[in-house]
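Within every chain, numbering begins at 1; the chains are lettered A, B, ... in the order of the sequence lines, protein sequences first and strands thereafter.
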Number of protein chains: 4
Amino acid sequence: MSETGTPAKDQPDRDAQTGREPKTARGEATRRAILGAAEKVIGRQGFNEASIGSITREAGVAQGTFYIYFSSKDEVFSELVVEMGRMLRHVISEATGGMADRLEAEREGLRAFLTFVASRPELYRIVQEAQFVDPDAYRAYFRTFAEGYRQGLAEAAEAGAIRPGNADVRAWALMGIARALGEYSVVFGDTTPIDEVVDIAHDLIVDGLRK
Amino acid sequence: MSETGTPAKDQPDRDAQTGREPKTARGEATRRAILGAAEKVIGRQGFNEASIGSITREAGVAQGTFYIYFSSKDEVFSELVVEMGRMLRHVISEATGGMADRLEAEREGLRAFLTFVASRPELYRIVQEAQFVDPDAYRAYFRTFAEGYRQGLAEAAEAGAIRPGNADVRAWALMGIARALGEYSVVFGDTTPIDEVVDIAHDLIVDGLRK
Amino acid sequence: MSETGTPAKDQPDRDAQTGREPKTARGEATRRAILGAAEKVIGRQGFNEASIGSITREAGVAQGTFYIYFSSKDEVFSELVVEMGRMLRHVISEATGGMADRLEAEREGLRAFLTFVASRPELYRIVQEAQFVDPDAYRAYFRTFAEGYRQGLAEAAEAGAIRPGNADVRAWALMGIARALGEYSVVFGDTTPIDEVVDIAHDLIVDGLRK
Amino acid sequence: MSETGTPAKDQPDRDAQTGREPKTARGEATRRAILGAAEKVIGRQGFNEASIGSITREAGVAQGTFYIYFSSKDEVFSELVVEMGRMLRHVISEATGGMADRLEAEREGLRAFLTFVASRPELYRIVQEAQFVDPDAYRAYFRTFAEGYRQGLAEAAEAGAIRPGNADVRAWALMGIARALGEYSVVFGDTTPIDEVVDIAHDLIVDGLRK
DNA sequence: TATGAATGAGAATTCATTCAT
DNA sequence: AATGAATGAATTCTCATTCAT
């Protein structure tokens, strides 16, 4: 994969967060309340429609309180994107960890992804919007995934578990399938059961269109 | 495909609302200048960062002139999305029209898509952003494509040209591959030649990962 | 005089003024109205108490109009300081220009200064406040004056018109007298007629305290 | 001197308002820490830029602690101005007390003033800013000085130690020289040694410019 | 006495849109 | 058709001050 610059590892302190860390349990709770409210409100209304006021109202705190924990609207947003990345990586590696069969891992990874997306639709939408709100976070998010994916595919090809082929492009293509299907259900409200969608897509991924 | 709500047809009069049609050649030229400037500026800076002022400055006209041709900022945006849809459909049907071999049509359609995206990156970005700025236009755009794609796949399966399988999900999955690869080059600036990308992806689409 | 850095010449474009120049007579008038209102309001209430709202209210325009002509509150302020410098230099050189007798020039310069200050008390106050609001403008203002003053004193000493002595320190001391007497009347509201004040101060400047 | 309004005496209870007096040694220390931090921070950043937070951070205490010792931001400021007045009067009377020769007292007073200012530049800046932040305190400060100065000059003239002349105006003029020279070094960073500056200014004060 | 979380009023600034010329 | 001045609502962010612990 064409790594342009930054490493694919987890960002440690991206942005030097100015929002101070809470020092008491109460503060911790407030911070979480705001973060949750931000996920809900931004995820629903979009970054620009969601005002700080609407977030704090949802969180049940005063407007000023927001700035005790986050230095700006961009910062919460960015934090949500990073959080989504962390959770998703966790969920997927839980689902596929230690699977011997690469093709089965492919199926389970997709299922885990779609399940997670369905459970946190607002968070998913936020990541999509990150492309326009916080391109750096967005790119970091995708690079991290793509790099992991690429490695998996490359190793599988090496081991003869799958047909050989450019792992970079394949990684992007397979991520594209996952995204599209996530959008299919979240954005377009399709109600086909996840397991069914997973099986259809997996069949395509594994055996292609050819008769 | 699960149609939820609005029809998949082209918006009929979307702009008849207020954006008066120019009556002179000069007016026509001005309108086009503004539309082009909007594509460039919004595509680069994003809908919210792009002000009417920055668009008219780019177009070389006064701010007020904008409202002679468009009734609002949303309207130009919407018009650009519709335009992109029209052009893309044209380009793709040009590339695949009358092809007997469905699998080859798949390849050429993907190539045409990636080529077009590379030639109008700002316009492509605008369509992506439409998800957040003008969800209706966005959904209409995708539904139209998905529906066409679905039909093609269904007929091919029917005709025994490809393996049978749920055409709806497949359509979305294949569109997802195309989008991801478009983003791969436009957003992430990957420089792998399009033809190469197309071949790799096509190989995956046609024969899958299985050894 | 210890020139630390910047030249003593008039700043040409200090701050790259973002506030666009008006293009019509109406715009010109509005800009002037705002500038005048700013002088009045900031001069009276001080920089921090004077809100943009209070300035535009005084000027009889909407708040947004302010930003058509000035890019920020600091910018108007800065412009007022520069304007004061220009006017004052003009007034003083008018009053003393071509005077052969240095000591008489001293008297007339002081009179012109105090007269001007009395006629534009708000503007005077703004310059004083510049020390805290826009230190660069403040220093530029004083350096310019001090340098002119120093030259005048140095030449006079050279020519034998006054007793020799360090012209730098003297320039600052004499400027200090003028400022203090300006404050005496403007800030402390003393009502001694200017001419009287001038004579008393001039006597001190010329002959000192010694019996 | 033309007394306009408030008496020239020290403010009586200025802070008895709400700022509770500390009752323990620890409290006393905390109060002093805050006062010192306020001098440093306000003196450097100016009243408006200096937030309570920046002061308490500098002092190493929590924000709320500030309000145990001072009832408002204005109050600390005011207290600093009064403190400066007290110290300066002390320093000057130490330097000139019991001097028989008025002209020599003039020299030593100036030296003491400039020395003090150089040792506490932030405090000096605070007094200057008081003109805009706390005009009452500012006027009180200057009136007190001016009145003392005036008396000294009047008595000296009476006693035939100096040439006769309006003591009010002279007092302001001489104070103006001192202030300007203080600013010369503090604000403009001139590095001429104080003793030299004092001698030059004293020569001017005593014998004037005339050849 | 000390802490630090919470408040909410207030201010600057931006920008889509309107309108007189 | 074109201009550009004017509007004012909306939004983010800051900060002095209060208060429960």
Side-chain angles (χ1 to χ4, degrees), chain A residues 20 22-31 48-56 60-74, chain B residues 18 20 22-31 48-56 60-74, chain C residues 20 22-31 48-56 60-74, chain D residues 20 22-31 48-56 61-74:
Chain A
R20 301 138 218 112
K23 286 171 182 163
T24 69
R26 189 190 178 199
E28 184 61 50
T30 303
R31 186 179 207 280
N48 278 283
E49 298 313 303
S51 65
I52 299 293
S54 62
I55 293 171
T56 52
V61 300
Q63 282 211 51
T65 306
F66 179 92
Y67 291 91
I68 295 176
Y69 301 103
F70 303 94
S71 63
S72 70
K73 201 176 154 186
D74 290 83
Chain B
T18 326
R20 292 140 239 149
K23 275 152 191 157
T24 69
R26 185 189 178 201
E28 183 61 49
T30 302
R31 186 178 207 281
N48 279 285
E49 299 312 305
S51 63
I52 299 293
S54 61
I55 293 171
T56 53
V61 301
Q63 273 208 71
T65 306
F66 179 93
Y67 289 89
I68 296 174
Y69 299 103
F70 302 93
S71 64
S72 71
K73 195 181 169 187
D74 290 86
Chain C
R20 303 138 218 113
K23 284 171 180 163
T24 68
R26 189 190 179 200
E28 185 61 50
T30 302
R31 185 179 208 282
N48 277 283
E49 298 312 304
S51 64
I52 300 293
S54 62
I55 292 171
T56 52
V61 299
Q63 281 212 53
T65 306
F66 179 93
Y67 292 91
I68 296 175
Y69 301 103
F70 302 94
S71 63
S72 70
K73 201 177 155 186
D74 289 83
Chain D
R20 292 142 238 147
K23 275 153 191 158
T24 68
R26 186 190 176 199
E28 182 61 47
T30 303
R31 186 179 207 281
N48 279 284
E49 299 311 303
S51 64
I52 299 293
S54 61
I55 292 170
T56 52
V61 300
Q63 273 209 71
T65 307
F66 180 92
Y67 290 88
I68 297 174
Y69 299 104
F70 302 93
S71 63
S72 71
K73 195 180 169 188
D74 291 86

Closest approach to the side chain of [X], judged atom by atom: which nucleotide of [options] is it?
X        : options                  : answer
Ala62(C) : dT17(E), dG4(F), dT7(F)  : dT7(F)
Ile52(A) : dT12(F), dG4(F), dA12(E) : dT12(F)
Ser72(B) : dT17(F), dT17(E), dG4(F) : dT17(E)
Ile68(D) : dA6(F), dT1(E), dA5(E)   : dT1(E)
Ser51(C) : dT12(F), dA5(F), dA12(E) : dA12(E)

Kindly say if [X] contacts the phosphate of [N], meaning a side-chain N or O under 4.0 Å from OP1 or OP2.
X        : N       : value
Arg26(A) : dA20(F) : no
Tyr69(A) : dA6(E)  : yes
Thr65(D) : dG4(E)  : no
Tyr67(D) : dA2(E)  : no

Figure out the [atom1]/[atom2] separation between [X] and [N], and round it to whole Å.
X        : N       : atom1 : atom2 : result
Arg31(C) : dA6(F)  : CZ    : P     : 12 Å
Phe70(A) : dC13(F) : CZ    : P     : 13 Å
Phe66(A) : dT11(F) : CZ    : P     : 15 Å
Lys73(B) : dC15(E) : NZ    : P     : 8 Å
Lys23(D) : dA2(E)  : NZ    : C1'   : 15 Å
Ile55(A) : dA10(F) : CD1   : C1'   : 15 Å
Asn48(B) : dT12(F) : CG    : P     : 11 Å

If you find the nucleotide of DNA chain E closest to Thr24(D) and the one closest to Gln63(B), which residue's nucleotide is nearer the 5' end?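 The residue whose closest nucleotide sits nearer the 5' end is Thr24(D).
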Within this structure, what is the OG-CZ distance for the pair Ser71(B) and Phe66(B), rounded to the nearest 0.5 Å? 8.0 Å
Over 12 non-hydrogen atoms of neighbours within 6.0 angstrom of CD in Glu28(B):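 Correct, the count exceeds 12.
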Strictly by Watson-Crick or wobble contacts shorter than 3.5 Å, is anything paired with dT13(E), and which nucleotide is it?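 By the stated definition (distances under 3.5 Å), dA10(F) pairs with dT13(E).
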In Watson-Crick or G-U wobble terms, both distances under 3.5 Å, what is the partner of dA20(F)?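 Across any shown strand, dA20(F) pairs with dT3(E).
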Considering every strand and a 4.0 Å limit on heavy-atom distances, what is the contact class for Ala50(D): base, sugar-phosphate, or nothing?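 Ala50(D): backbone/sugar contact only, no base atoms under 4.0 Å.
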Could you check whether Ala25(A) gets within reach of a base, just the sugar-phosphate, or nothing at all, counting any heavy atom under 4.0 Å?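 Ala25(A): no heavy atom of the nucleic acid under 4.0 Å.
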Distance-minimising heavy-atom pair for [X] and [Y]:
X        : Y        : value
Tyr69(C) : Pro22(C) : CE2-CB, 3.7 Å
Ser51(A) : Ser54(A) : O-OG, 2.7 Å
Asn48(C) : Lys73(C) : O-NZ, 3.9 Å

Please compare Thr30(C) and Gly60(B) by the position of their nearest nucleotide in DNA chain F and report the one closer to 5'. Gly60(B)
If you assign Glu49(D) and Gly64(C) each to the DNA chain F nucleotide with the nearest heavy atom, which residue ends up on the more 5' nucleotide? Gly64(C)
